[in-house]
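First comes the structure, then the notes that go with it.
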Number of protein chains: 2
Amino acid sequence: MSRLSGDDWALAALDAISSGGVAAVAVEPIAVRLGATKGSFYWHFKARGDLVEAALALWEQRSTLDVIASVEQAGGSPKARLRRLFGLVFDAAALTHADISLHADADPAVREVVTRVSRRRIDYLASLLRECGHTPRAARRRAVFAYSAFLGNIQLMNSSPNLLESSVGSLSRYADAVVESLVRI
Amino acid sequence: MSRLSGDDWALAALDAISSGGVAAVAVEPIAVRLGATKGSFYWHFKARGDLVEAALALWEQRSTLDVIASVEQAGGSPKARLRRLFGLVFDAAALTHADISLHADADPAVREVVTRVSRRRIDYLASLLRECGHTPRAARRRAVFAYSAFLGNIQLMNSSPNLLESSVGSLSRYADAVVESLVRI
DNA sequence: TTCTGACAGTACGCTAGCGTATGGAGCATG
DNA sequence: CATGCTCCATACGCTAGCGTACTGTCAGAA
């Protein structure tokens with residue numbers, strides 16, 4: 001990796017966000033991690049803010065569009081797609097860590113992206129639930145509820161892993177149950 | 001406020017946590033906000049870490065013990081207490097903001113406190129649900145679920161307020177419904 | 001009134017991180 | 001081979017914030 005691209009930096013920045021929030025996006029430490037120096041960074045970006053922006057864009061892409069596309073491509077019944085969706089998001093620890101940091105951020109620019117991401121995810125959830133036979137209103141209500149439950153779960157898993165596992169047993173059976181109760185008319 | 005106490009500093013630090021996370025606990029800016037200087041701070045505390053610690057202790061007290069005591073003192077049926085509990089936590093924006101920041105923090109010391117707080121809250125929820133007639137196992141499962149839903153809700157309310165309100169209508173009726181479904185055997 | 005101790009202000013050095021300027025290294029192309 | 005372009009390293013100045021040392025102030029005890 002003798003020569004870096006802007007995407008390399010954005011990826012590393014997203015990594016930093018996952019482990020320490022936007023505040024952890026610091027040029028010099030990331031440069032060290034990439035085995036480079038600031039010289040490289042300031043070639044690809046104008047300022048630190050642009051790196052944060054790029055990382056957010058990357059996150060937005062990966063955590064919504066990519067996930068949705070992957071689920072849609074796999075196909076299957078709406079219920080099967082729901083189940084696959086839950087499986088994906090629970091596994092992708094890297095993505096959920098970024099989620100946690102970003103949802104807690106107070107910066108307006110971050111919140112704008114987060115809101116867009118949340119909206120898109122909820123829209124997709126609602127569309128699946130409509131396909132399952134729910135009315136648009138009910139589908140939307142359930143989608144919002146499911147999404148907020150999802151947020152709470154990753155939060156709790158992150159801050160105190162034992163608490164959840166001890167009362168829920170297997171995560172995959174838990175996801176089964178959640179999907180089941182969401183789909184039930 | 002010509003003379004400050006250690007508690008004044010801790011309170012201001014908790015405020016800083018609410019609005020910017022633990023990273024926002026910076027001695028000099030807080031000194032300015034208190035109309036003082038570092039000279040005061042380093043009289044009351046040995047180092048910045050001690051201030052963070054004090055703020056966390058304050059949060060732990062207020063967001064668990066105080067809330068629980070207040071609900072218990074008001075009395076009423078377990079269901080009424082549950083309802084009162086939800087009303088309290090949804091209103092206390094200051095507390096929930098701190099919650100959001102702290103649940104997202106990666107520092108082991110913070111996570112230790114957060115885990116203790118979560119455990120205590122879940123324990124209290126479970127005890128109320130047992131009083132409502134649930135078996136211990138069921139009460140605990142529901143308590144964990146309710147708590148994680150709570151976390152998700154404050155998260156969503158914080159990062160994108162409109163998303164929740166638009167699909168849920170009145171927050172107080174929402175709380176009614178949640179309590180109702182929790183209590184139902 | 002004087003003295004003492006609790007409390008606060010001021011001045012200083014130190015580190016981390018941002019941003020800039022400048023000087024290469026290496027490759028491509030004439 | 002010379003030239004120029006792309007990419008990176010190094011060195012520098014600047015700010016925010018931590019922690020320390022010393023100096024001041026004021027209330028109450030003696």
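A note on names: the letters A, B, ... follow the listed sequences, proteins ahead of strands, and every chain is numbered from 1. The structure presented is a predicted model; accordingly, all values stated were derived computationally and were not measured. Values below: every heavy atom of this structure, side chains too, minus hydrogens, waters and symmetry copies.
In this structure, the CZ atom of Phe45(B) is 13 Å from the P atom of dC18(D), given to the nearest Å. The nearest whole Å value for the distance from the CD atom in Glu28(A) to the P atom in dT15(C) is 15 Å. The CZ atom of Phe41(A) sits 8 Å away from the P atom of dC18(C) (whole-angstrom rounding). Atom CZ in Arg3(B) sits about 15 Å away from atom P in dG5(C), given to the nearest Å. Distance CH2 (Trp9(A)) to C1' (dC18(C)): 13 Å, rounded to an integer number of Å. The nearest whole Å value for the distance from the CH2 atom in Trp43(A) to the P atom in dG24(C) is 17 Å. When the C1' atom of dC8(D) is taken as reference, atom CG of Asp8(A) falls 14 Å away, rounded to whole Å. To the nearest angstrom, P of dC7(C) lies 16 Å from CG of Leu34(B).
Contact annotation for Tyr42(B): base contact, defined as any heavy-atom pair under 4.0 Å involving a base atom. In this structure, Val25(A) reaches the sugar-phosphate backbone alone: every heavy-atom distance under 4.0 Å involves primed, P, OP1 or OP2 atoms, never a base.
A donor-acceptor distance shorter than 3.5 angstrom exists from the side chain of Ser170(B) to the backbone of Arg173(B), with no hydrogens or angles considered.
Considering only side-chain N and O atoms, His44(B) lies nowhere under 4.0 angstrom from the phosphate OP1 or OP2 of dA6(C). For Arg48(B) and dC18(D), the shortest distance from a side-chain N or O to OP1 or OP2 is below 4.0 Å.
When distances are taken from the side chain of Ala26(B) to each of dA9(D), dC7(D), dC18(D), the shortest belongs to dC18(D). Here the side chain of Thr37(B) is nearest to one of dT10(C), dC8(D), dG17(C), namely dT10(C).
In this structure, the separation between CD1 on Ile122(B) and OG on Ser167(A) is 7.0 Å, given to the nearest 0.5 Å.
Checked by atom type, the side-chain pair Trp59(B)/Thr64(B) shows no donor-acceptor distance below 3.5 Å. In the model, His97(B) has a side-chain atom that pairs as donor or acceptor with a side-chain atom of Asn158(B) under 3.5 Å.
Under the side-chain contact (heavy atoms from CB on, under 4.5 Å) rule, Tyr124(B) has a single partner from Leu129(B), Leu82(B), Leu85(B), Leu65(B), which is Leu85(B).
Each of Ser40(A) and Gly39(B) lies near DNA chain D, and the nucleotide nearest Ser40(A) is the one positioned closer to the 5' end.
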